[in-house]
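The structure appears below as structure tokens.
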Amino acid sequence: MLKLIRYLKQVKWPILAIMLLLVVQAWCDLSLPQYTSDIVDIGIQQGGIEHAAPDQIRDETMENLKLFMEEDDWNKVEAAYTLGEDGIWYRNSVNESTLEELDEVFGMPMLMLSAMEEQGMDAATLQAMLTSGQMTLEQLEAMADQAMEQFGSQSDMIVEQKALLFVKEEYAAMGLDLDQIQMNYLLSTGGRMLGIALLMAVAAILVGLLASRTAAQLGMSLRGDVFKTVMSFSNTEIDKFSTASLITRSTNDIQQVQMVVVLMLRIVIYAPILGIGGIIKVATTHTGMEWIIAVAVGSALVLVALLMSLALPKFKRMQTLVDKMNLVSREILTGLPVIRAFSREKHEEKRFDLANLDLKKTQLFTNRVMTFMMPMMMLLMNGVSILIVWNGGHGIDAGTMQVGDMIAFITYTMQIVMSFLMIAMIAIFLPRASVAAGRIDEVLQTKPVIRDKRKVKDNTREQWQGVVAFEDVSFRYPDAGADVLEHITFTAQPGQTTAIIGSTGSGKSTLLNLIPRFFDVSYGRITMDGVDIRDLSQHKLHELLGYVPQKGVLFSGDIESNLKFGGADITDQAMEEAAEIAQAKEFIDSKPDGYQTPIAQGGTNVSGGQKQRLSIARAIAKNPRVFLFDDSFSALDYKTDVILRRALNEKVKDATVIIVAQRISTILHADQIVVLDEGKIAGIGTHEELMKNCPTYQEIARSQLSAAELGGEGA
């Protein structure tokens, strides 16, 4: 999987943007629980009064509070407040840290003043006692310390609550509308929550958009690179992977990687940010319930580890089963006529059902594991919520915790657990994607056996004649124990037709496939105008060749696009001339759309003979220096074959023509006939010469031609 991460370098800027947006999204996500806590604690329980340092306070009340303040504390208050002409102190605009200091400064004096008023002692009496010496300031401070010791661990919270209640009563005494104060706080806090929620939604949408585009870009790059790599493969590499497997790797496997990349960009990066942020937020709540998070995360990890140990082996096996399913499907669909002809439908249905059933069982198992995970995680999360409420309820009852703090703690805990859950869910998908990535990388890292040299000799000739020479060529297939071709030597000259004939399995098509380098020779060499074809680039070599395979291959499009397949420089005139030579013009003109007649995939909407003639016309339209016909006339009737070859001879007088044939009638008038027998040359010459001195050729001729025809040839 790491090998494919290099493709993400192509989209580094979108990934950076995604990371920044995820930080914004996480900040928003982590901010909302605190606002919820504030609405419950401050907006509802405290009536919207947020600070012990009042926004405004009467002068007489300030003077009373001053009695309980040290000189440094009073200096801070005096610096932060301004006394108005109406006898009211107004708080100046101060920063958050100064405001927190003022809350501490006002807290204890407000608590002490409230306590004395509850005991029936007013501020004037206290002032008189301090003036007369009946009570000193030190004694007053000692009384405050003693009260704080009685409150114990609840002291800070009780001081805060008493101070806020004092401020509320002060506002009421001043005639301020407490309901309006509460409503203003709720509206402002709710508005901020709404803004943060909208910002988080925008960030999430942009992350989803960028992640999808990034993954799509990665998928497109991978598909392009895999396609280019496969296009450079020789038959050796194609056989190694199999066509079905290459299709699966180019589609299903890349889709798996693309899906995981989306999840990685949206979740794997986001989950740690959210989890770490949640832990930091929990640490600032001072609830004493941090141990619950450890229990929740530990339980989640144990559950995920257990389920992963069951699911991972099945995920790894699934890709192999998908390959098998594609292979069986492809074989059945391509061989459907044969299957029907031999009445093997039931057998093939059973074979398909077996592959389908194996895949279904594996998918059902993994889906059941995934289905089982979600209820268990929900049970765990709900259990953690109950545990938090249980412990938090005791804290609220004891006065050490507020309701809003408990709600915020629950939310943060769920975010932390969900972060680990999201990472665990990705870990479930990663193995299958990792297998898919490995299969893709295996294709990308495969070096073709047949590839161009660093320095090629494409420009050694201004004009290429097309002289093809086999010089002591031998060839064996990879991992084969014996040579298929042995010591083949002959030369095919321009303006001549060289035919290759032999019994089935003698190596005729293999010999022809060596010329375009579908395989490379094992020994010896093949030259084009004296240059070893391995010293030419494959592009240049193929540019000189016109190849017609044994089985005609057409591509989806129309007749024109197929005939001009050899290059964009092919004119309409050259196309029509090629069609006429290949005896395809008559049936093309008979169609309503002519050359724009659609061709289905694989040419399934034309007959075998028409397909073959279009394949021949495609090669002629290219106007190559060498024509390679791999038994390309076998699908044609005798009359069409004769007319086509006669027209072809007139058209390609200067080109080299090499024909692989099964029928002697096709090659009777060839300038040179190469007879193969078990991979070796049994004879070379014209038809007349071979009938005199080549027993192998004579045997083939007698099996195909009558005695009268042989006599007519003067054998």
Side-chain angles (χ1 to χ4, degrees), residues 234-240 448-451 453 466-493 496-536 538 541 545 547 549-550 626-632 634 656-664 666-667 670-687 689-704:
S234 65
N235 291 0
T236 302
E237 288 80 36
I238 297 293
D239 293 340
K240 171 187 172 184
V449 175
I450 299 173
R451 52 182 181 269
K453 293 183 177 180
V467 180
V468 178
F470 280 68
E471 300 177 3
D472 195 28
V473 169
S474 296
F475 172 76
R476 71 171 60 187
Y477 287 104
D479 302 324
D483 290 341
V484 179
L485 296 173
E486 296 182 45
H487 306 293
I488 306 297
T489 301
F490 71 90
T491 301
Q493 297 288 346
Q496 294 182 359
T497 298
T498 298
I500 302 170
I501 196 168
S503 59
T504 302
S506 60
K508 301 184 299 297
S509 294
T510 301
L511 185 149
L512 195 72
N513 287 335
L514 293 176
I515 299 174
R517 293 190 69 193
F518 294 158
F519 298 99
D520 263 345
V521 299
S522 302
Y523 309 99
R525 68 174 192 158
I526 302 173
T527 63
M528 176 74 69
D529 290 356
V531 179
D532 193 324
I533 60 173
R534 290 171 294 189
D535 293 331
L536 297 175
Q538 294 181 69
L541 176 63
L545 303 178
Y547 176 71
Q550 186 173 4
V626 180
F627 284 92
L628 304 177
F629 295 100
D630 187 2
D631 199 17
S632 309
S634 58
T656 302
V657 179
I658 302 176
I659 300 175
V660 169
Q662 296 282 357
R663 298 187 312 206
I664 283 187
T666 303
I667 60 171
D671 300 290
Q672 178 180 228
I673 301 174
V674 178
V675 183
L676 291 182
D677 184 21
E678 296 183 356
K680 300 177 182 178
I681 293 181
I684 298 179
T686 63
H687 171 71
E689 292 170 348
L690 292 173
M691 287 300 296
K692 293 177 181 178
N693 54 33
C694 183
T696 303
Y697 185 79
Q698 294 170 9
E699 183 180 346
I700 296 172
R702 292 191 182 99
S703 66
Q704 295 185 14

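With sequence neighbours left out, E237 forms a side chain to side chain contact (heavy atoms under 4.5 Å, CB included) with F233, S234, T446, P448, V449. For D677, the side chain to side chain contact (heavy atoms under 4.5 Å, CB included) test picks out A682, T696, with sequence neighbours left out. Legend: residues meeting side chain to side chain contact (heavy atoms under 4.5 Å, CB included) with A499, ordered by chain and number and at least two apart, are I667, A670, I673.
The closest donor-acceptor contact from the side chain of D529 to the backbone of G466 lies under 3.5 Å. A donor-acceptor pair is defined here as one N or O able to donate and one able to accept, closer than 3.5 Å; no such pair exists between the side chain of E486 and the backbone of I681. K508 places a side-chain N or O within 3.5 Å of a backbone atom of G502 that can act as its donor or acceptor partner. Judged by distance alone, the side chain of D535 and the main-chain N or O of V531 form no donor-acceptor pair under 3.5 Å. Of the possible donor and acceptor atoms, none in the side chain of S474 sits under 3.5 Å from a partner among the backbone N and O of Y523.
Across all their heavy atoms, L690 and V675 have their closest contact at CD1-CG2, 3.6 Å. Here the closest heavy-atom approach between residue Q662 and residue Q704 is recorded as O-NE2, 2.6 Å. Looking at every heavy atom in both residues, R476 comes nearest to A482 through CB-O, 3.4 Å. The heavy-atom pair separating A469 from T491 by the smallest distance is CB-OG1, 3.8 Å. In terms of heavy atoms, E471 sits closest to R525 at OE1-NE, 2.7 Å. Across all non-hydrogen atoms, the minimal contact from M528 to L536 is CB-CD1, 4.3 Å.
Partner of I488 under the side chain to side chain contact (heavy atoms under 4.5 Å, CB included) criterion, chosen from L676, V674, D472: L676.
Taking the six-membered ring for Trp and the full ring otherwise, F470 and F475 have centroids separated by 6.0 Å or more. Taking the six-membered ring wherever Trp is involved, the centroid distance between the rings of Y547 and F629 does not fall below 6.0 Å.
Taking the side chain as every heavy atom from C-beta outward, L514 and L485 approach each other to under 4.5 Å.
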* Asked: So I659 and T498, side chain to side chain contact (heavy atoms under 4.5 Å, CB included) or not? Walk me through it.
  -> CA-CA 6 Å; I659 300 175; T498 298; over 6 Å; no
* Asked: Between I700 and I664, does a side chain to side chain contact (heavy atoms under 4.5 Å, CB included) hold up when you go through it step by step?
  -> CA-CA 8 Å; I700 296 172; I664 283 187; 3.8 Å; yes
* Is there a side chain to side chain contact (heavy atoms under 4.5 Å, CB included) between S632 and Q550 once you walk through the steps? -> CA-CA 5 Å; S632 309; Q550 186 173 4; over 6 Å; no
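Remark: R534 does not engage D520 in a salt bridge, criterion side-chain N to carboxylate O under 4.0 Å.
Of the inter-residue distances, the one linking H687 atom NE2 with Q672 atom CD reads 16.0 Å to the nearest 0.5 angstrom.
Side-chain atoms of D630 and S509 form a donor-acceptor pair, as typed in the model, at a separation below 3.5 Å.
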